[in-house]
Enquirer: 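Here it is, the structure in full.
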Amino acid sequence: MAGKVKWVTDIEKSVLINNFEKRGWVQVTENEDWNFYWMSVQTIRNVFSVETGYRLSDDQIVNHFPNHYELTRKDLMVKNIKRYRKELEKEGSPLAEKDENGKYLYLDFVPVTYMLPADYNLFVEEFRKSPSSTWIMKPCGKAQGKGIFLINKLSQIKKWSRDSKTSSFVSQSTKEAYVISLYINNPLLIGGRKFDLRLYVLVSTYRPLRCYMYKLGFCRFCTVKYTPSTSELDNMFVHLTNVAIQKHGEDYNHIHGGKWTVNNLRLYLESTRGKEVTSKLFDEIHWIIVQSLKAVAVNASPSLTSSTANDRILKYNLINDTLNIAVPNGEIPDCKWNKSPPKEVLGNYEILYDEELAQGDGADRELRSRPGQSLGPKGGRSRDSGRTVLTTWK
Amino acid sequence: MLQEESDLSLVIAQIVQKLKGSSLYAQLERQAWASLQRPEIKLESLKEDIKEYFKISGWEKKLQNAVYSELSVFPSPSHPAAPPEHLKEPLVYMRKAQGSWEKRILKSLNSMCTELSIPLARKRPVGEQKELLNKWNEMGTDEPDLSLFRPVYAPKDFLEVLINLRNPNYENGDSLSFRTHLGLIQVPLKVKDIPELKEFFVELGLTTGQLGIDDSTQVPPELFENEHVRIGQKVLAEQDSAAAQQYIRQGSPTALRAELWALILNISSQPEDILYYEQLKTNVIQHDLLVDSLIYKDVKLTASNDDYYFVFEDYLYQVLLCFSRDTSVLGHFAYNSASPPKSYIRGKLGLEEYAVFYPPNASHLWKTLCWVQKITHGVIPFHGFSMYVAPLCFLYHEPSKLYQIFREMYVRFFFRLHSISSHPSGIVSLCLLFETLLQTYLPQLFYHLREIGAQPLRISFKWMVRAFSGYLATDQLLLLWDRILGYNSLEILAVLAAAVFAFRAVNLMEVTSLAAAEAVLADLSTLKVMPLLQIFLFATVT
């Protein structure tokens, strides 16, 4: 009795509940003594807001870090990365090195972005430098592709300039704040279609940073062929890959939902482009993830709605592996745990970055030549541990 | 000795004859002329110098590859007086069966034509041609009404035909003995047994490194993988077809596969190849064929719903629509026809329907009819046909290259999977090989399945007809097709099918119906092909 983990959730999804029940955990309400609370985003906000002052006790775990929105809200994410880069520069870290044109060599992974309406004037200056470019407007607080549109003329966003001119005390309600970024109009296409990546990353501790990447991430394809032509800027089926948008397109196919596993992607890219370039790509993706996490302490809030049968299975297994890492051996959480979990419980997760291990090796962990070139032994392919480290850098 | 020599010189003469008509010959001639400018070519030793030049510049290698390619498809030696159809298929009853099967398909096609009042072929009006040209790259978005179309046949229809094949010269006798074949195929063809297979597939043995086994994450790459990749790169640098074919028996590294396959199939994208593809594309734009709707339907039903291949839907149309108009393909397996069927054609003369027989004087109409007859007499897509092309989209994304590779794969291998012949890689032999392996080495399983009305071939047939495409994970499928190319044989499909049954034998022994057996074998997507093959051939106690 004393040993069983007590769980609460305010999200009624079978992929969660089945996983709790199969471990023999006990469901309780939030007012009782609980060990594990899988919270919705709203609840997190309420529970950890400054006013409530709620503090977790030593035997309690939740599924989000309190300030997760620092990475999930688009404006905060951009702010954090910009701040992180400046900090590294001030410290004189080699990571913040720039080239002759002032571009960051290793940290240039966010396209030129401005906050609206706050940075409107800065944006206009940049826009005028290359007036034929396309920009993408995204509302800060929304997800699933809602409210996103493309522009290629200043007149299309006049609204934000009016606001910033008329009053300097415009309350920036989260509903109206947007970020505007330079649109990358030559994306990698497969079968002529645009796609994005949905990767699952688990952060178990922030200090030291320990994060895991789920091996079974996937790509989401647009149903319509990509064209950079300006006449199709309004056609969201061409430009946005979110399933929520694509689902309503005429061609959406419910059997496969327009997705590929990341392994498929890797196979395709290696076959058509070669191994070096593909490995470099994946290295860089992992690099971006780790750097973004370092810029802020976060966790993301993945959609738990399953669109296809395969999808349901994937998410069930994902939660299963997540729980195995977060609550090892099904024991009641103890905040004094700080060990790296043994490799057997990783399931389909791979170690993305383990600060402790990286530091323990003594090498200057921040120093790396370029993504893709190995400094030391490539990944841990030893016979005994079977542990694969995803990256060639530390 | 004399006989062998004359056989050899006959073969050489035939190959020379064949190559003389190829573009390679023209290129070599041009190169030879151009080389006269070079300082090292001296008049006194002209022949030797040019030969030396060819060697150094790589042209000799190209010639070698072309000869090797011809040898791969060269028919086995035969009686000099044998007519051409005998070379394609020596057994009369097989030829007859294939002939009547073709007639049946054609009849079915014709009646679909009549039922739906759609012509077999139709010239497109100019407006429609323009429209099609504009959406050439996204034909997948087209949603023609295909509800009335049905595939002309499905693999199981074809299986029924094969089951009823009989050799009229062969008397089995009524008494059952331990030699009696308990499977569905009842023709006596020679198939290999396991000892012979072990010899044939010797490179798949336990002591030889394989991709698909020895490149897994648990194995340090220094043991095999790195060296294998290095050798692969060398083979590609040398551009040696024969070496590539030998090399690929141990599997191809993903990054080298596209080039290796092209080398083995002797495909190099010459301008005339691209032109040829463009010509076919023009045919597609100008004429609409009934067969096109069947292709659309097949792609929509199979590839578009596949987890891996849906992305490439548009490429499939671009390849298959051209393929169905490629008359050079038919030269590879056409049998003599009986009198051609009558067909309806709507053409230049407006919408009037013509029941056309053979007006000897209307030469344009005659040509078109012959062309229609030829193509409809050839490759009629059956349900699942597009899956032959789909995996290739993982390797090639330039349409004319994709087309060439597919066409070569088809005329070397895939056509054997849906035509009736006695060839060791023909589907009849594969079925027999599969059943024999099962009956000989897993007798208990075979007998049990037979007893519950679940003849194993009924389940494995569709795997073999599609060369496992759509059943295996793509990376596994590509490793399997590596070996098809490496051994120049489809027998591995039958061996794999038997290995799958062996792998799931425990579960299969417990089922009590065909449906339950199908369920056990429904999902092959998690299988690792090479370990299965290796265990079945080399590690099972027989």
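As a basis for the values below, the full set of heavy atoms in this structure was taken, side chains included, without hydrogen atoms, waters or symmetry mates. To find a chain, count down the sequence lines: A is the first, B the second, and so on, and within it residues start at 1.
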Enquirer: CD of E138(B) to CZ of R193(A): how many Å apart, nearest 0.5 Å?
Expert: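 Here the interatomic distance stands at 9.5 Å.
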
Enquirer: Testing the basics here: between D307(B) and W260(A), what is the closest heavy-atom pair and its distance to 0.1 Å?
Expert: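 Minimum heavy-atom separation between D307(B) and W260(A): O-CD1, 3.2 Å.
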
Enquirer: Take a 6.0 Å sphere around CD of E276(A) and say whether it holds more than 12 heavy atoms from other residues, nucleotides or ligands.
Expert: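 No, the 6.0 Å shell around CD holds no more than 12 heavy atoms from other groups.
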
Enquirer: Is the shortest side-chain heavy-atom distance between T272(A) and L395(B) below 4.5 Å?
Expert: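 Not touching, per the 4.5 Å side-chain cut-off.
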
Enquirer: For the residue pair E270(A) and L256(B), establish whether any side-chain heavy-atom pair is separated by less than 4.5 Å.
Expert: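 Heavy-atom side-chain distance check fails, nothing below 4.5 Å.
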
Enquirer: Considering only heavy atoms and a distance below 4.5 Å, find which of N137(B), L478(B), V229(B) pairs most often with chain A.
Expert: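 Top option by heavy-atom pairs under 4.5 Å: N137(B).
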
Enquirer: Between I190(A) and V311(B), what is the shortest heavy-atom contact and its length?
Expert: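 Scanning both residues completely, I find the closest heavy atoms to be O-CG1, 3.4 Å.
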
Enquirer: With a 6.0 Å cut-off on ring centres, are Y308(B) and Y268(A) close enough?
Expert: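 Judged by ring-centre distance (under 6.0 Å), Y308(B) and Y268(A) do not meet the cut-off.
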
Enquirer: Hey, what do you get for CG (N263(A)) to CG (D475(B)), rounding to the nearest 0.5 Å?
Expert: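 One finds 8.0 Å between CG of N263(A) and CG of D475(B).
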
Enquirer: For the NZ atom on K135(B), are there more than 12 heavy atoms of other groups (residues, nucleotides or ligands in this structure) within a distance under 6.0 Å?
Expert: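 It does: K135(B) NZ has more than 12 such atoms within range.
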
Enquirer: Taking the six-membered ring for Trp, are F310(B) and F221(A) parallel (under 30°), tilted (30 to 60°) or perpendicular (over 60°)?
Expert: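 Judged by the thresholds at 30° and 60°, the geometry between F310(B) and F221(A) is perpendicular.
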
Enquirer: Grab the two heavy atoms, one from S271(A) and one from A258(B), that are nearest each other, plus how far apart they are.
Expert: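 It is O-CB, 4.2 Å.
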
